[in-house]
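Below is one structure, written out as structure tokens; comments come after it.
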Amino acid sequence: MEVRTLQPEASYGTNRRTCRMMEKSSRIAELFEREDQFLGKTVTVQGWVRTRRDSKAEISFVEINDGSCLRNLQVIVELSRPELTRHLDPVTNGCSLCVKGVLQTSPGKGQNIELHADQLKIYGLSDPALYPLQKKRHSFEFLRKIGHLRPRTNTIGAVTRVRSRLSYAVHQFFQERGFCYIHTPIITASDCEGAGETFRVTTLDPGHPVVEGQADDPFRDDFFGKAAYLTVSGQLQAEIYALALGRVYTFGPTFRAENSNTSRHLAEFWMVEPEMAFSDLEDDLAMAECLVKRLIEVVLSQCREDLAFFVRFIDPDLEKRLERVVETAFEIITYTEAVRLLKHSGEDFAYPVEWGNDLQAEHERYLTEKVFRKPAAVIDFPRSLKPFYMRVNDDGDTVAAMDILVPGIGEIVGGSQREERLDLLLEQMRLKGISPDDYSWYVELRQFGSVPHAGFGLGLERFLQFVTGLPNIREVIPFPRSPGHAQF
RNA sequence: UCCCCGGUAGCUCAAUCGGCAGAGCGGGUGGCUGUUAACCACUAGGUUGGCGGUUCGAGUCCGUCCCGGGGAGCCA
């Protein structure tokens, strides 16, 4: 008897091709999850060969991975059956194939079940002399060069599944709390938001960017009639919707043209940015802590197999560290207290600690890794260090900002209560040299029904680094973009 | 952008003081085995990143350029 699995579209009678395919084959993850239900039944799997071991005792072991989970399914091919071996002969690491057979308990060690092949179909061969992926460990640097093949490795496959599950969890978290998902623009004309260098968007001929006689505004004849850029943040636009729908969030790509080449920076990365009306910094902080903990819980409970892989091969302390983050309250410390603490630490920092200076990486690391040994939120930064939109505190010297720092990564969340008072916003803009004319819409939000509101940004890739233990951010995004790198 | 380290076989790396270019894995061939990154034997595979210099002799020393990695800054 043949067991058929998932056929979500079948009842609609549409898209027949997809339906037939999904009826015909099982995903390997499903076979492992419901072993008892599939044992003794005929199933079909489709995937890519990860390894093959031939035994002259009339058996070939072919391990198949279909990306649905970390584990491979061991397929048993009896070499005494010419109708199978005829197909099997050229099968090597990297080949794609379809196997139909009976799922049985495995007598060998290392797996409970195995598939005894009755039919074998090869989709695509893979020349073993040319296929770059070997069964042994490759350097991440090498895998980046073969970005079109690296998702077929255990590590990149695992991180990709975790990334997907986390993205889903982000939506679940906010949707369950009444947040509205806002698609803020990728292209923006707001050039400076205090968030780094921007990429210009233009249709002008790079050989002749300036139209004759219009040197005063070279972008007047550009596509948008003025200078345009890729967004560095959806926050300002999210504020617009927060001041109408109450609770909103954006979740999309952002772009920074910084010439920074580090293991924690990308030119294109994904950011989660909630914005909440009728909220202050305390609400903001609570929501951020709640989100971080919920996302980690999801990884701990929903990505067990992939997480175990990271613990085994990337960072042995990873799971314990994640559990600790969920269990303990985040430390909250004001910038002023942090400075005092650092000054009296007795540590010999390369950068001097002085009120008014930004906290350096070494300072942040000292706080989270030595002093607190858990995530810590630093709040109330000097006004001069932060952008114009942050709310000025009553002391007049600091703003209601927060940075959540985690051990090993550094800043993972940055947020603030926004300045909702018109006069103070205008004063901030004047001090920061930002023309209110360029942000008239932002200013008007404070003229018409302004309310206290707050929000934050969480870098998806930084977060993925934290939950996978991967040291380089280029491994946690499918196609990393950094200075000099935009392949694939 | 700055500092440090690196570039040797398809991959991961070794090569002592400047003295014959190596290993493991992968590939090919043969053997062995309900195998588990299988195992054993044999075998093919090199412009040592490019250019220039020092030297009897350069993978090794010097200059320069290119590329990569790590760290810093900036930030998420």
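The sequence lines fix the lettering, A, B, ..., with proteins before strands; numbering per chain opens at 1. No hydrogens, no waters, no symmetry mates; every other heavy atom, side chains included, goes into these values. Since the structure is predicted, the reported quantities are computational estimates derived from the model, not experimental observations.
For Arg256(A), no side-chain nitrogen or oxygen approaches OP1 or OP2 of C75(B) to under 4.0 Å.
Donor-acceptor pairing under 3.5 Å, judged by distance alone, is present between the side chain of Arg462(A) and the base of C75(B). Between the side chain of His138(A) and the base of C11(B), no donor-acceptor pair under 3.5 Å is found.
Taking a 6.0 Å sphere around CD of Gln175(A), one finds it holds more than 12 heavy atoms contributed by other residues, nucleotides or ligands.
As a whole-Å value, the separation of Glu258(A) CD from C74(B) P is 10 Å. In this structure, CD1 of Ile473(A) is placed 16 Å from P of C75(B), rounded to the nearest angstrom.
A gap of 31 Å separates the C1' atoms of C66(B) and G27(B), to the nearest Å.
For C11(B), the paired base is G24(B) (Watson-Crick or G-U wobble, both distances below 3.5 Å).
His138(A) and Phe142(A) have tilted rings, their planes meeting at an angle from 30° to 60° on a 0 to 90° scale. Note: Phe255(A) and Phe199(A) have perpendicular aromatic rings, judged against thresholds of 30 and 60 degrees for the angle between ring planes.
For the pair Tyr351(A) and Thr51(A), both in contact range of RNA chain B, the more 5′-proximal nearest nucleotide belongs to Thr51(A).
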Original post:
Hey, mind stepping through Thr334(A) and Asp380(A) against side chain to side chain donor-acceptor pair (under 3.5 Å) and telling me if it holds?
Top reply: CA-CA 6 Å; Thr334(A) 66; Asp380(A) 296 340; 5.8 Å; no

